[in-house]
Amino acid sequence: EAVTGFELKPEGKGFMEKTRFSRFFNLPELMAIVKMSADIKTADMLDLDVPDCEMVVDQIEPTETQSDLVNHLAVRAETIRQGGIDPSEDNMLKITSDGRKLGLDPRLIDPSFEDNPQTKLNQCVENVARIHKETEPDRLTQIIFCDLGVPHKSSSANESEEKEDDDSKSAAERESLEEECDFCVYDDIRKKLIDKGIPENEIAFIHDYKTEKQKSELFEKVRSGEIRILLGSTAKMGTGTNVQDKLIAVHDLDI
């Protein structure tokens, strides 16, 4: 059944009517078909031993620059709807992508924008530094997930190496939302953490560890507390990252 409702416009300003497939008829019959080929177990049935955790959502107010740029996204979107621009120059997908970058830090759109201490990125740095200091006696560890502004590939050799290795990548890596920008979020976070007194050798990027052997050695260092802050993307670090022994906090910058 198709249902019509109101949704936030992609550019983040105002609402629009949208019709989407929302409900299924004959649900018991559909489930009977699914169960012919699927053995479904819920979390309650499995009763797995998973750690308790507290979910904290930091509500960050937009800076003046971010507010101005959101208004600019709305103008761009309206121009597109009216057919006033060629899709090869600007389109809704590009606006959505710019909106993701803008929500994290305006410098992802243009590195010349100011480094405002009130952005989500800088709030994350403050949180990480505070937790690092509070957990120093036990050398507890933290993970930062970020898919935008990832480290640049260091050389063309690395690029060809990764291209050859494409077949061995997971589905998550192949369909990754990871994106390089002129502004590197990872480098900015590392520099600010070092400025706050955190030793450089306690901070690592998953992108610097290419092979499974290198990753295994990295994870061992995180488990032992030798490396206490690990930065990575969902694709490279979302599955199979066995580092939870001393983990006290996970920070998601662009969920």
Side-chain angles (χ1 to χ4, degrees), residues 5-20 57-128 144-154 159 162 171-192 205-207 231-238 250-255:
F6 286 94
E7 296 182 0
L8 190 67
K9 291 181 179 179
E11 65 272 21
K13 296 287 284 188
F15 293 85
M16 61 183 179
E17 270 194 5
K18 198 77 176 178
T19 302
R20 295 190 184 278
V57 179
D58 278 328
Q59 299 282 1
I60 311 297
E61 291 297 319
T63 65
E64 189 175 337
T65 301
Q66 286 173 315
S67 297
D68 290 343
L69 289 172
V70 168
N71 290 331
H72 179 60
L73 293 182
V75 172
R76 283 169 55 190
E78 197 55 42
T79 303
I80 291 168
R81 290 195 187 95
Q82 294 171 359
I85 192 164
D86 189 281
S88 63
E89 293 182 32
D90 201 8
N91 54 68
M92 296 307 292
L93 189 59
K94 189 174 181 183
I95 287 176
T96 304
S97 176
D98 286 347
R100 285 181 66 222
K101 296 173 185 174
L102 178 57
L104 179 53
D105 195 296
R107 290 175 295 167
L108 284 163
I109 295 176
D110 185 342
S112 66
F113 282 129
E114 66 167 341
D115 181 10
N116 192 305
Q118 302 306 316
T119 61
K120 190 194 296 187
L121 186 154
N122 284 314
Q123 182 61 55
C124 178
V125 169
E126 293 294 330
N127 289 344
V128 171
I144 303 173
F145 278 105
C146 185
D147 291 340
L148 292 173
V150 302
H152 294 278
K153 295 180 180 69
S154 56
E159 289 181 33
E162 288 191 11
E173 286 179 299
R174 287 195 296 271
E175 298 170 10
S176 170
L177 289 174
E178 213 179 85
E179 189 173 341
E180 289 183 15
C181 301
D182 291 336
F183 170 70
C184 181
V185 168
Y186 286 54
D187 288 340
D188 191 68
I189 290 175
R190 177 167 59 186
K191 179 181 179 302
K192 286 171 178 169
F205 300 166
I206 191 73
H207 296 73
L231 290 86
S233 62
T234 309
K236 286 186 168 59
M237 207 164 62
V250 177
H251 309 268
D252 289 291
L253 273 175
D254 56 351
I255 300 174

Cut-off 3.5 Å, side chains only: do [X] and [Y] have a donor facing an acceptor?
{"X": "Thr63", "Y": "Gln118", "result": "no"}
{"X": "Gln123", "Y": "Asn127", "result": "yes"}
{"X": "Asp147", "Y": "Thr234", "result": "yes"}

Is any side-chain heavy atom of [X] closer than 4.5 Å to a side-chain heavy atom of [Y]?
{"X": "Ile189", "Y": "Val128", "result": "no"}
{"X": "Pro106", "Y": "Thr119", "result": "yes"}
{"X": "Asp188", "Y": "Phe183", "result": "yes"}
{"X": "Leu104", "Y": "Cys146", "result": "yes"}

- [ ] Count the heavy atoms belonging to other residues, nucleotides or ligands that lie under 6.0 Å from CD of Glu61, then report whether that count exceeds 12.
- [x]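 Counting neighbours around CD of Glu61, 12 or fewer heavy atoms of other residues, nucleotides or ligands fall under 6.0 Å, so no.
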
TODO: Say whether, by atom type as modelled, one donor and one acceptor occur between the side chain of Asp90 and the main chain of Ile95 under 3.5 angstrom.
DONE: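 Answer holds: no.
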
Pairing of [X] and [Y] as salt bridge, 4.0 angstrom limit:
{"X": "Glu114", "Y": "Arg107", "value": "no"}
{"X": "Glu89", "Y": "Lys94", "value": "no"}
{"X": "Arg190", "Y": "Asp187", "value": "yes"}
{"X": "Arg76", "Y": "Asp98", "value": "yes"}
{"X": "Asp110", "Y": "Lys101", "value": "no"}

Open item on the list: Centroid separation under 6.0 Å, is that true for the rings of Phe6 and Phe15?
Closed with: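 No, they do not, as the ring centres are separated by 6.0 Å or more.
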
TODO: Could you give me the CA-CA distance, side-chain angles and deciding distance for Asp254 and Arg100, then say whether salt bridge (Lys or Arg N to Asp or Glu O under 4.0 Å) is met?
DONE: CA-CA 8 Å; Asp254 56 351; Arg100 285 181 66 222; 3.7 Å; yes

